[in-house]
Participant: 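Submitted below is the structure of interest, expressed as structure tokens.
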Amino acid sequence: MDSSLNARRRAAELREVAESRLDVLVVGLGATGAGAALDAASRGLRVAAIDAHDLAFGTSRWSSKMVHGGLRYLARGQVDVAYESAVERGILLRTTAPHLVSAHPYLLPLTKGVSRRQAALVMSGYRLGDGLRAAARTPRRLLPGPTRLSAARARTLAPVLDGDGLRGALLSWDGRLLDDARLVVALARTAAAHGARVLTRCRAVRLTGRGALVRDELTGEEFDVRAKVVINAAGVWAGTLDPEVQLRPSRGTHLVLAPGTLPGLIAGMHVPIPGETNRFALVLPQRDGRVHVGLTDEPVDGPVPDVPEVPEEDVRTLLEVLNGVLATQVTREAVAGAYAGLRPLLAADGHTADLSRRHAVLSHDGVVTVVGGKLTTYRRMAEDAVDRAVSYAKLPARRSRTRKIPLVGAGPRPEGVPQRLAERYGSEAGPAHELVKAHPEEVGLGLTAGDLLWSVRHEGALDEGDLLDRRTRIGLVARDRDRALAATRDVLDRWGRV
């Protein structure tokens with residue numbers, strides 16, 4: 001299916017949705033919204049899910065790519081939140097997305113700035129986290145336990161560390177995503193396979209209590225979508241659709257370092273933030289040679305932008321923290337790109353870093369709003385939202401099944417395909433490989449015209465932004481995006497565009 005066929009399919013599905021009465025309309029196609037669409041559709045409900053932009057357009061593509069067990073929540077005494085994270089991490093690793101989520105090692109360098117007492121406290125936290133792993137029944141073979149490394153061993157995993165005063169490192173393991181946006185795409189495709197109508201470029205102008213007034217952003221046409229209940233999963237924009245929801249968004253900035261900036265880095269790193277007790281910057285090497293460095297946590301006031309800008313102050317702060325543990329300083333010129341995401345935190349007093357990552361489900365006037373939480377627990381958030389929607393609208397529906405539903409691509413990987421394709425496509429790597437062989441022209445980061453064509457035919461991509469910024473992450477670096485633009489337009493021109 002090419003993008004012109006995507007447009008025709010989309011138009012037909014829009015007409016169908018406008019002419020029918022749904023059980024559930026989901027607004028927002030980030031991880032939680034796509035997860036809610038899958039949860040509701042897999043219970044046998046009539047479902048449509050819409051987004052004003054694209055799959056994973058908002059916060060869900062700007063994460064640290066972490067699927068974590070919630071050590072920070074343990075440190076604050078939020079054992080229930082940490083346990084929920086550990087359970088959901090295990091579900092992703094074992095059942096729903098083993099092709100997208102895997103274990104990854106992380107070092108906490110024991111530098112002069114880390115006291116022996118602080119190191120002992122952190123290791124105690126790691127061991128408690130390993131206890132949660134066991135309680136969540138995640139096998140050790142999928143997630144190894146923590147240990148302490150000598151300075152020499154630490155520098156084999158992170159040769160960039162400054163050896164002066166380095167006492168060693170604490171090694172822990174946690175889950176990571178190859179790509180957070182691809183998780184959302186897999187969720188949406190799995191929801192569609194269970195019967196959900198998944199429609200991008202459809203903006204919910206107003207929630208009515210009997211559905212929503214929706215505008216087709218491609219044509220400007222407005223129409224009513226009737227539904228017995230609406231799930232508002234619009235993330236940081238949820239308050240614009242439900243004024244009773246009070247959010248305090250928090251900006252998390254990441255730097256994208258150019259390939260070769262931190263040579264030989266194998267493990268991720270947790271770097272203590274000076275003056276903070278339980279906050280760490282994350283340094284995470286990527287498969288494409290880039291390195292991501294984050295995460296700031298700053299409150300954001302005023303209107304919520306579609307794409308948040310990265311303040312230069314955030315860049316300076318992250319470089320200062322990173323350079324505090326390196327043998328060779330990383331300069332501003334090594335920062336090839338940067339991105340910022342806004343977390344939809346519930347409003348409360350205090351610093352945004354201290355706000356609870358518990359999610360909340362609110363309901364009134366035919367609308368169920370789900371807010372808060374984090375990427376790791378998207379499935380539980382979706383389940384809770386659909387549970388509330390079923391109860392609120394008295395819908396005949398089965399209990400949630402999503403703990404046991406593998407996402408698209410989660411089956412056995414075929415033999416004889418390149419490792420890159422096996423990691424990217426999972427059980428779909430075979431047919432993806434055929435497209436790549438037929439269209440091998442490279443567009444960037446080792447991706448080919450065949451990869452782009454796969455996204456057009458199977459992943460609902462409609463334009464250059466869909467392809468470069470969400471189906472792939474070439475667009476994280478402006479010059480990489482510019483180099484890939486001509487090839488991307490060629491793919492769309494040859495196989496049709498919206």
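Along the sequence shown, residues are numbered consecutively beginning with 1.
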Participant: Looking only at heavy atoms, which two atoms of Ala410 and Ser427 are closest? And how far apart?
Facilitator: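 Closest approach of Ala410 to Ser427, heavy atoms only: N-OG, 3.9 Å.
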
Participant: Return yes if some donor-acceptor pair links the side-chain N/O of Thr208 with the main-chain N/O of Arg210 below 3.5 Å, else return no.
Facilitator: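 Answer holds: yes.
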
Participant: Give the minimum heavy-atom separation between Ala212 and Leu207, together with the two atoms involved.
Facilitator: CB-CD2, 3.8 Å

Participant: Between Leu100 and Ala186, what is the shortest heavy-atom contact and its length?
Facilitator: CD1-CB, 4.1 Å

Participant: Could you list the residues that satisfy side-chain hydrogen bond (donor to acceptor under 3.5 Å, both in side chains) with His99, not counting sequence neighbours?
Facilitator: none

Participant: Would you say the side-chain atoms of Asp51 pair up with the backbone N or O of Gly28, donor to acceptor, closer than 3.5 Å?
Facilitator: no

Participant: Just grab all the salt bridge (Lys or Arg N to Asp or Glu O under 4.0 Å) pairs involving residues 361-370, residues at least two apart or on different chains.
Facilitator: none

Participant: Is there side-chain contact between Val390 and Leu45, with heavy atoms separated by less than 4.5 Å?
Facilitator: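 The answer is yes; the side chains approach within 4.5 Å.
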
Participant: Is the backbone of Ala86 close enough, under 3.5 Å, to the side chain of Glu88 for a donor and an acceptor to pair up by distance?
Facilitator: no

Participant: Do Arg8 and Glu13 touch side chain to side chain, with heavy atoms closer than 4.5 Å?
Facilitator: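 Side chain of Arg8 against side chain of Glu13, heavy atoms only: no contact under 4.5 Å found.
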
Participant: Please report the shortest heavy-atom distance between Ala196 and Ala37, naming the atom on each side.
Facilitator: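 In this case the closest contact between Ala196 and Ala37 is CB-O, 4.3 Å.
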
Participant: In chain order, what residues pass the side-chain hydrogen bond (donor to acceptor under 3.5 Å, both in side chains) check against Asp466, with sequence neighbours excluded?
Facilitator: Arg201, Arg470

Participant: Does Arg251 reach the main-chain N or O of Pro299 with its side chain, forming a donor-acceptor pair under 3.5 Å?
Facilitator: no

Participant: Are any non-hydrogen side-chain atoms of Ile50 and Val26 less than 4.5 angstrom apart?
Facilitator: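 The answer is no; the side chains never approach within 4.5 Å.
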
Participant: Minimum heavy-atom separation for Met381 and Gly373, please, with both atom names.
Facilitator: SD-CA, 3.8 Å

Participant: Could you tell me which non-hydrogen atom of Leu247 sits nearest to which non-hydrogen atom of Pro344, and how far apart they are?
Facilitator: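 Smallest interatomic distance, heavy atoms only, reads CD2-O, 4.0 Å.
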
Participant: So, Arg379 and Glu383, do they make that salt bridge, N to O below 4.0 Å?
Facilitator: yes

Participant: Begin with the C-alpha distance, continue with both residues' side-chain angles, and end with the deciding distance and a verdict on side chain to side chain contact (heavy atoms under 4.5 Å, CB included) for Trp62 and Val307.
Facilitator: CA-CA 10 Å; Trp62 303 130; Val307 179; 4.2 Å; yes

Participant: Quick one: does Val229's side chain get under 4.5 Å of Asp23's, heavy atoms only?
Facilitator: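 Contact flag for Val229/Asp23 side chains = no.
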
Participant: Keeping Thr488 on the side-chain end and Glu464 on the backbone end, is there a donor-acceptor pair under 3.5 Å?
Facilitator: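 Side chain of Thr488 to backbone of Glu464, a donor-acceptor pair under 3.5 Å: no, none is there.
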
Participant: Salt-bridge test for Asp179 and Lys65: reply yes if a basic N is under 4.0 Å from a carboxylate O, no otherwise.
Facilitator: no

Participant: Determine, step by step, whether Ser64 and His254 satisfy the side chain to side chain donor-acceptor pair (under 3.5 Å) criterion, reporting the C-alpha distance in whole Å, the side-chain angles of both residues, the deciding distance to 0.1 Å, and the verdict.
Facilitator: CA-CA 8 Å; Ser64 296; His254 291 81; 2.6 Å; yes

Participant: Can a salt bridge be assigned to the pair Arg380 and Asp39 using a cut-off of 4.0 Å between side-chain N and carboxylate O?
Facilitator: no

Participant: Looking only at atom types and distance, does a side-chain atom of Tyr378 sit under 3.5 Å from a main-chain N or O of Ser60, one as donor and one as acceptor?
Facilitator: no

Participant: Regarding Arg61 and the six-membered ring of Phe57, is the cationic atom NZ or CZ under 6.0 Å from the ring centre and inside 45° of its axis?
Facilitator: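 Verdict for Phe57: a cation-pi partner in Arg61.
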
Participant: What orientation do Tyr126 and His270 show, parallel under 30°, tilted 30 to 60°, or perpendicular over 60°?
Facilitator: tilted

Participant: Taking only Lys NZ, Arg NE, NH1 and NH2, and the carboxylate oxygens of Asp or Glu, determine whether Arg203 and Asp216 approach each other closer than 4.0 Å.
Facilitator: no

Participant: Report the residue from His68, His104, Arg89, Arg133 that forms a side chain to side chain donor-acceptor pair (under 3.5 Å) with Asp174.
Facilitator: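 The option that passes is Arg89.
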
Participant: Can you check whether Leu445 reaches Asp480 side chain to side chain, under 4.5 Å on heavy atoms?
Facilitator: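 When only atoms from C-beta onward are counted, Asp480 and Leu445 do touch, with a gap below 4.5 Å.
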
Participant: Using modelled atom types only, decide if a donor and an acceptor are shared between the side chain of Asn232 and the backbone of Val368 within a distance under 3.5 Å.
Facilitator: no

Participant: Would you say that Val335 contacts Leu257 through its side chain, given a criterion of any heavy-atom pair below 4.5 Å between the two side chains?
Facilitator: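 Answer yes - side chains close enough.
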
Participant: Could you tell me whether a side-chain N or O of Tyr392 sits under 3.5 Å from a main-chain N or O of Gly366, the two making a donor and an acceptor?
Facilitator: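 Yes, because the side chain of Tyr392 sits within donor-acceptor range (under 3.5 Å) of the backbone of Gly366.
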
Participant: Is there a donor-acceptor pair under 3.5 Å between the side chain of Ser42 and the backbone N or O of Leu38?
Facilitator: yes

Participant: Just grab all the salt bridge (Lys or Arg N to Asp or Glu O under 4.0 Å) pairs involving residues 301-312, residues at least two apart or on different chains.
Facilitator: Glu312-Arg332

Participant: Quick one: does Leu319's side chain get under 4.5 Å of Leu255's, heavy atoms only?
Facilitator: yes

Participant: Can Val101 and Arg176 be said to form a side chain to side chain contact (heavy atoms under 4.5 Å, CB included), step by step?
Facilitator: CA-CA 6 Å; Val101 181; Arg176 67 167 289 182; over 6 Å; no

Participant: For residues 90-98, which side-chain donor-acceptor pairs fall under 3.5 Å, sequence neighbours excluded?
Facilitator:
residue : atom : partner : partner atom : Å
Arg94   : NH1  : Arg137  : O            : 3.3
Thr96   : OG1  : Ile91   : O            : 3.4

Participant: Hey, could you give me the CZ/CZ distance between Arg424 and Arg471, rounded to the nearest 0.5 Å?
Facilitator: 10.5 Å

Participant: Would you mind checking if Asp297 and Arg343 are paired as a salt bridge, meaning a charged N to carboxylate O distance below 4.0 Å?
Facilitator: yes

Participant: Looking at side-chain heavy atoms only, is the closest gap between Leu447 and Trp454 below 4.5 Å?
Facilitator: no

Participant: Between CZ of Arg197 and CZ of Arg10, what distance do you get to the nearest 0.5 Å?
Facilitator: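 Arg197 atom CZ to Arg10 atom CZ measures 13.5 Å (nearest 0.5 Å).
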
Participant: For Glu428, is there an ion pair with Arg189 - N to carboxylate O distance below 4.0 angstrom?
Facilitator: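 So Arg189 pairs with Glu428 through a salt bridge.
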
Participant: List the steps, then state whether side chain to side chain contact (heavy atoms under 4.5 Å, CB included) holds for Phe280 with Leu282.
Facilitator: CA-CA 6 Å; Phe280 305 88; Leu282 174 70; over 6 Å; no

Participant: So which pairs with a foot in residues 396-405 pass salt bridge (Lys or Arg N to Asp or Glu O under 4.0 Å), sequence neighbours left out?
Facilitator: none

Participant: Less than 4.0 angstrom from a charged side-chain N to a carboxylate O is my criterion; do Arg215 and Glu222 meet it?
Facilitator: yes

Participant: Side chain to side chain contact (heavy atoms under 4.5 Å, CB included) between Leu199 and Leu14: does it pass, once the steps are laid out?
Facilitator: CA-CA 8 Å; Leu199 300 164; Leu14 273 177; 3.8 Å; yes

Participant: Does Arg206 CZ have over 12 foreign heavy atoms under 6.0 Å away?
Facilitator: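 No, not enclosed.
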
Participant: Are Arg316 and Glu320 within salt-bridge range, i.e. N to O under 4.0 Å?
Facilitator: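 A salt bridge is absent here (no side-chain N lies under 4.0 Å from a carboxylate O).
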
Participant: Examine distances only and state if a side-chain atom of Glu313 and a backbone atom of Val310 form a donor-acceptor pair shorter than 3.5 Å.
Facilitator: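 Not confirmed, Glu313 side chain does not pair with Val310 backbone.
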
